[in-house]
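In the text below, chain A, chain B and the rest are named by the order of the sequence lines, each starting its count at 1.
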There are 2 protein chains.
Amino acid sequence: MTEYSAPTRRPTIKEVARLAGVSHQTVSRYLKSRQGLRPATLERIDVAVEELGYRPNLMARSMRTRRTGRLAVVMPVTTYNQARLLSGALAAAHEAGRVVEVVSVEGSAATLTERVLELAGSGQVDGVLSLTPMAAGNGHNLPSGAAVVVTPEFDDAMRSIGELTDATPVTELIERLANLGHRRFLHVAGDQAFASARARKVAYLEAIDRFGLESVGVSDGDWSGESGVEAILQLDADRLPTAVIAANDVVASGVVRGAYERGLDVPGDLSVTGWDDNELCRFLPPSLTTVRINLEGVGRNAALRLIKAVGGPELEPWSGPVAEVIWRESTAPPRQSTDSSPVGSR
Amino acid sequence: MTEYSAPTRRPTIKEVARLAGVSHQTVSRYLKSRQGLRPATLERIDVAVEELGYRPNLMARSMRTRRTGRLAVVMPVTTYNQARLLSGALAAAHEAGRVVEVVSVEGSAATLTERVLELAGSGQVDGVLSLTPMAAGNGHNLPSGAAVVVTPEFDDAMRSIGELTDATPVTELIERLANLGHRRFLHVAGDQAFASARARKVAYLEAIDRFGLESVGVSDGDWSGESGVEAILQLDADRLPTAVIAANDVVASGVVRGAYERGLDVPGDLSVTGWDDNELCRFLPPSLTTVRINLEGVGRNAALRLIKAVGGPELEPWSGPVAEVIWRESTAPPRQSTDSSPVGSR
DNA sequence: ACAGCCAAAGTGAACGTTCACTATTCTGTA
DNA sequence: TACAGAATAGTGAACGTTCACTTTGGCTGT
């Protein structure tokens, strides 16, 4: 949803030259190496560049030098999480006749945001699709020259799609488990710095509340298997849950392991659900109930928003289900079901 | 290792115009929409374009139109297989001041090869790093304008690095298992269309031979968990192996599941090894012995070769271990070890 | 037969750099 | 003081397109 934009003419080498009182070629030299220039000249150009906010036009440079500074990496469509998102976005962009450049980033949300905006302002791209969370609504909507679209999936300010993809399956998991007779739940959450982790946590609490169930708590984790193990081991023996909603499959497998260490049977004593449908889920003993997200679809739709924002063609969005719960062996009715009357939905 | 290259001046719009006996602007129009031109003119240009092998210079076009036709996708470093390779390559390219464009491809090796060469010849990139197998040594080294580097990791004609990364860990796995007392092995291979699957199979057979062990066979699979389950279920009850080398973690978890279905204990009756170090491996019951590949390192080194090929700076390659065996619970001495004298290495 | 018009094609400039020269200014030494 | 030679700066063209105009030519209608 978040979309920064702006068409603003950028200063050229000649304007910098005029402001600095030198020739354009001198500025060119300055750009190339900053060498062979008198300190005074250097400084004047420095000032002019700073003042105009000059950034070289890399297209023009490439044209002249016949070097693009670009490499291409060709790789098969991968099948894992972010890679899947990317894959969907790439396919859509290709359909729209666009070339995609992937920039890998790391660091804090603030760093990321800066990097994204720099990219948008670089004049190298028509638009930027950020599959990474951006620092929330700051004054960043400054003229940047390119459209920026941030996936709600990853946006720190969680909105529509985020709730859609995240809340629904959690509710579905809990409702079904409640119908199987479960009354006491535990949620092992993911790193709360992630919007998806927060959304799942919120959805968990809401569902518990809505269906009138009991939560023995929410264990704030960090997406790690250890956090799952820990969460189980620390539980009060006389108030154990019968079902655990884990933030993802790794956490869930940690939960299962923790349960075994305490002598609890899964799913006999404890039902466990994961998230992501890791390839191994189907073969674990017990095979893990999980949520499969159509990341390619999400990626495609995100790309479509960007393509539209930069004036590209309107393509067919993915309109099928985004999330799907896969029920497997790790979920079953609790051993001594005290009450299995259906829970009212809504 | 494979490196195609060639610097060749490409024809321009004016040359096409001259050959077709029209003005450059007419060719420009032809390029834009092929409309508003008399059929005869159209045809003449068609012929000229064909004859010269003309392809528009997209840099020049972008410069004039101020549209790049490029989108950027910004994403966090991912942690899975190809994404990890990509991540390493991206980091290296960034260090060398290069921008990377990722093109996702699918289809047969021939299609891929064509796509890669087209990309190389498009003038849009300085070089192409192919992390995908290319059709083996054909006459494709035609002047393409950009360097092409194919990762041996993925090259169909397996060479040095491939052997290095694939053979060594298999040998290490088998040697250690043999030292634990295992004598009878099974290999559940991956899809033999993949170089890596073939390499692991070859390495398995060589190790069995070198250490004087017994193999109850090689089950050719398809990287799926089912292939692992099947392989175990079909085994002759009176000639069971005590150790299984699975092509990857998914296959291995299938093997474990198959073993349980047959009432075999892992690792009591059967030791199992995987490959890839899937995040869930550590938490499976039993946690899975596997091989961790430093894909970022491999990706980096591949990118370094390309960067060097296109005249970029020489960066520090990753020189640490590429593969590492992680020993976990799924491997142990066989229940009734008949003989545990160490196996001679070499 | 001729003005009027539309389609088809042409002309030259412009996009923002860098390249290959040429011109100017400094520096040190005879 | 003068002069060579380096160091520094400037000039104009070129890269390959597309844009905004202008020109040409064929056809229509009166």
### Message
Any side-chain to backbone donor/acceptor pair from S28(A) onto H24(A)? Under 3.5 Å, distance only.
### Response
no
### Task
Measure from the side-chain N and O atoms of T41(B) to the backbone N and O of L37(B), and report whether any donor-acceptor pair falls under 3.5 Å.
no
### Message
Return whichever of R64(A) or T65(B) has its heavy-atom-nearest nucleotide of DNA chain D closer to the 5' end.
### Response
R64(A)
### Query
Can you tell me if R44(B) uses its side chain to pair, donor with acceptor, with the backbone of A20(B) under 3.5 Å?
yes
### Query
In terms of the nearest nucleotide of DNA chain D, which residue is placed more toward the 5' end: G36(A) or K14(A)?
G36(A)
### Message
Under 4.0 Å, counting only non-hydrogen atoms across every strand here, what does R29(A) touch: a base, just sugar-phosphate, or nothing?
### Response
base
#### Entry: Rounded distance in Å - CZ (R44(A)) to C1' (dT8(D))
12 Å
### Query
When all nucleic acid strands are considered with a 4.0 Å heavy-atom cut-off, which category describes T12(B): base, sugar-phosphate, or nothing?
sugar-phosphate
### Task
Classify the nucleic acid contact of T41(B) as base, sugar-phosphate or nothing, counting any heavy atom under 4.0 Å across all strands shown.
sugar-phosphate
### Task
Could you tell me whether Y54(B) contacts a base, only the sugar-phosphate backbone, or nothing, with contacts defined as non-hydrogen atoms closer than 4.0 Å?
sugar-phosphate
### Query
Quick one: CG on L315(A) to CG on L304(A), what's the gap to the nearest 0.5 Å?
5.0 Å
## Note on the structure
Judged by nearest nucleotide, the residue sitting upstream toward the 5' end of DNA chain C, A60(B) or H24(B), is H24(B)
### Query
Do the charged groups of R34(B) and D46(B) touch, with an N to O distance under 4.0 Å?
yes
### Task
Please determine if E15(A) and R10(A) form a salt bridge, counting it only when a charged side-chain N lies under 4.0 Å from a carboxylate O.
no
### Task
Give me the first and last nucleotide of DNA chain C, going 5' to 3', that has any atom under 4.0 Å from a heavy atom of chain B.
dA8(C) to dG16(C)
### Query
Touch check for L58(A), heavy atoms < 4.0 angstrom, all strands: base, sugar-phosphate only, or nothing?
nothing
